[in-house]
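Each remark here refers to the structure printed beneath this line.
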Protein chains: 2
Amino acid sequence: MQQSSDAADNILNAAEQLFALKGYDGVSVRLVAEQACVSKASVFHHFGSKELLYEAVLKRASAEFEALLGRLGGNTGNLRDRLSTFVKEHLTCIYDKPSLSHLLLREVLEPGSDVSYTKAAGVLGSSFAKLTAVLRDEKQSQTIKPETDPALLAYLLIAANVFFFQSQKFIQHMSEIDFAGDNSRYTEAVVTYLLDGVLSHSGVPADH
Amino acid sequence: MQQSSDAADNILNAAEQLFALKGYDGVSVRLVAEQACVSKASVFHHFGSKELLYEAVLKRASAEFEALLGRLGGNTGNLRDRLSTFVKEHLTCIYDKPSLSHLLLREVLEPGSDVSYTKAAGVLGSSFAKLTAVLRDEKQSQTIKPETDPALLAYLLIAANVFFFQSQKFIQHMSEIDFAGDNSRYTEAVVTYLLDGVLSHSGVPADH
DNA sequence: GTCTATATAATGATAGAC
DNA sequence: GTCTATCATTATATAGAC
């Protein structure tokens with residue numbers, strides 16, 4: 001009976017942080033053991049191998065993140081509110097657990113990893129599917145243009161959030177950018193631009 | 001006088017491919033030497049250390065990619081054409097040299113890497129700056145709404161392209177997505193959605 | 001379950017012959 | 001400049017005492 005964490009959990013937590021920061025190849029079992037304040041042998045005792053440890057980290061991360069994303073998409077109201085809420089909450093999920101996000105994103109987006117076998121792909125895929133469903137719904141209600149591809153629009157919104165998270169450090173060094181830390185201003189702008197467009201209306205809408 | 005490649009170049013090419021695919025920690029000097037058909041010692045003779053080899057790869061990649069991006073932004077015409085051309089050519093640059101793109105993007109976006117010291121950040125930054133300049137130009141001409149942030153819009157367009165490239169493998173496994181391999185259809189949709197918006201015009205534009 | 005000690009392979013890097 | 005042979009160090013993983 002420990003305060004709140006047994007050894008296996010300590011190891012899992014340490015591994016999660018380290019793998020998230022440096023990737024699988026950048027982390028040694030010795031480092032994980034040090035950070036978890038246990039011996040190397042203890043790590044192998046609990047998880048068998050470095051690969052199995054990594055899989056355990058991924059499995060827990062996927063489940064945890066899936067749970068976070070589970071609440072998304074349940075909103076009602078008009079399109080603007082539904083989308084705005086979805087995108088804002090989606091970005092909040094990502095920033096709420098940055099280690100999990102980095103871990104799962106790397107697994108899905110890195111060229112070396114095999115996407116088809118990865119559970120991480122399911123996590124990103126499920127939020128995308130939900131958003132696509134919302135947009136298909138709105139398309140039937142004719143609130144968005146009939147020539148709009150709901151999947152492509154959903155993909156763009158997810159992309160905007162994911163890239164914003166990924167490039168967080170980068171954009172803090174860019175003088176042109178002043179929305180770096182302002183998540184809600186960013187998501188609002190994304191939704192607004194995509195819904196209304198950025199073109200000035202000189203009386204003439206989309207047209208063709 | 002060799003046909004077209006001396007040993008140092010062979011090594012650099014092999015290292016570029018491998019680092020792009022597996023990252024710095026995922027590649028050993030032995031592997032680079034094997035792929036370049038030289039001995040390990042030869043690698044150290046030409047580049048001094050693994051770190052210096054990596055830096056040499058990054059340096060060449062940055063210069064090469066910067067040259068590719070150099071042609072962007074020179075287009076004239078209306079906003080739609082300028083943007084459409086820029087975004088399409090930008091994506092073409094990325095896909096033209098996938099190894100360079102992976103290499104530089106990892107350097108900029110990975111949490112473990114130090115952004116401020118990296119030349120790779122300058123490459124991504126310069127294309128962003130160019131696109132921002134184009135949009136600031138158009139804002140003065142009042143072709144885009146005064147409340148639009150040119151930097152944020154430019155960022156979104158770059159994000160759309162970069163994420164499309166990054167998630168290439170992933171989206172091929174998604175049944176909802178049918179624009180996976182169609183780069184020009186994708187960029188056209190991105191530009192159109194952002195310029196015109198996706199909302200149906202029931203007679204009422206942006207409003208307020 | 002925890003540890004120390006160890007086995008074995010691979011790592012980055014060097015020495016020195018040719 | 002090229003290589004083989006070798007160095008010291010670290011890697012993953014195991015053995016076995018407590």
Side-chain angles (χ1 to χ4, degrees), chain A residues 1-61 103 106-107 110 112-114 117-118, chain B residues 1-61 103 106-107 110 112-114 117-118:
Chain A
M1 210 193 298
Q2 296 88 339
Q3 27 190 354
S4 80
S5 59
D6 63 351
D9 232 59
N10 274 350
I11 295 167
L12 220 46
N13 291 335
E16 181 183 296
Q17 267 188 251
L18 289 167
F19 283 139
L21 190 64
K22 309 185 180 201
Y24 180 82
D25 292 312
V27 173
S28 67
V29 176
R30 178 187 55 80
L31 195 66
V32 172
E34 264 176 29
Q35 182 132 333
C37 299
V38 297
S39 70
K40 249 191 328 177
S42 188
V43 175
F44 285 103
H45 169 76
H46 283 288
F47 295 96
S49 76
K50 185 187 175 184
E51 281 216 340
L52 288 171
L53 168 63
Y54 185 69
E55 282 177 30
V57 169
L58 270 191
K59 184 180 173 182
R60 193 183 68 164
L103 215 45
R106 182 170 15 232
E107 203 61 22
E110 277 288 292
S113 61
D114 191 351
Y117 286 155
T118 306
Chain B
M1 212 195 295
Q2 298 85 340
Q3 27 190 0
S4 80
S5 59
D6 63 350
D9 233 59
N10 274 349
I11 295 166
L12 221 46
N13 291 335
E16 181 182 297
Q17 267 188 250
L18 289 167
F19 283 139
L21 190 63
K22 307 184 182 203
Y24 180 82
D25 292 312
V27 174
S28 67
V29 177
R30 178 188 55 80
L31 196 65
V32 173
E34 263 176 29
Q35 182 134 333
C37 298
V38 296
S39 69
K40 242 190 337 173
S42 187
V43 175
F44 285 102
H45 170 76
H46 283 288
F47 295 95
S49 75
K50 185 187 175 184
E51 281 214 342
L52 289 170
L53 169 62
Y54 185 69
E55 281 177 31
V57 169
L58 269 190
K59 185 180 173 181
R60 192 183 69 164
L103 215 43
R106 183 171 13 231
E107 204 59 23
E110 276 288 293
S113 63
D114 191 350
Y117 286 155
T118 307

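Worth knowing before you read on, the calculation uses all heavy atoms, side chains too, and leaves out hydrogens, waters and symmetry mates.
The distance from atom CG of B:Leu18 to atom P of C:dT11 is 12 Å, rounded to the nearest whole Å. Regarding A:His45, its NE2 atom lies at a distance of 5 Å from the C1' atom of C:dG1, rounded to whole Å. A:Phe44 has its CZ atom 9 Å from the C1' atom of D:dT14, to the nearest Å.
Contacts between residues 46-56 of chain B and DNA chain D, defined by a heavy-atom separation under 4.0 Å, are made by B:His46. Less than 4.0 Å separates DNA chain D from at least one heavy atom of each of the following residues of residues 30-43 of chain A: A:Arg30, A:Lys40, A:Ala41.
When all heavy atoms of B:Val32 and B:Val27 are compared, the pair lying nearest together is CG2-CG1, 3.5 Å.
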Notebook entry, point to check: Can B:Arg60 and B:Asn13 be said to form a side-chain contact (heavy atoms from CB on, under 4.5 Å), step by step?
Noted result: CA-CA 10 Å; B:Arg60 192 183 69 164; B:Asn13 291 335; 2.8 Å; yes
Item checked: Test log, rule side-chain contact (heavy atoms from CB on, under 4.5 Å), inputs B:Leu12 and B:Lys59 -> CA-CA 11 Å; B:Leu12 221 46; B:Lys59 185 180 173 181; over 6 Å; no
Next item on the list: With side-chain contact (heavy atoms from CB on, under 4.5 Å) as the test, would you mind laying out the steps for B:Val38 and B:Asn10 before giving the verdict?
Entry: CA-CA 9 Å; B:Val38 296; B:Asn10 274 349; 5.5 Å; no
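Salt-bridge annotation for B:Glu34 and B:Arg30: present, with a side-chain N of the basic residue lying under 4.0 Å from a carboxylate O of the acidic one.
Each of B:Tyr117, B:Tyr24, B:Tyr54 was compared with B:Glu107 under the side-chain hydrogen bond (donor to acceptor under 3.5 Å, both in side chains) criterion, and only B:Tyr54 meets it.
The distance from atom CD of A:Glu16 to atom CG of A:Leu58, rounded to the nearest 0.5 Å, is 10.0 Å. From B:Glu110, atom CD reaches atom CG of A:Leu21 across 9.0 Å, with rounding to the nearest 0.5 Å.
The phosphate of C:dA10 has neither OP1 nor OP2 within less than 4.0 Å of any side-chain N or O from B:Ser28.
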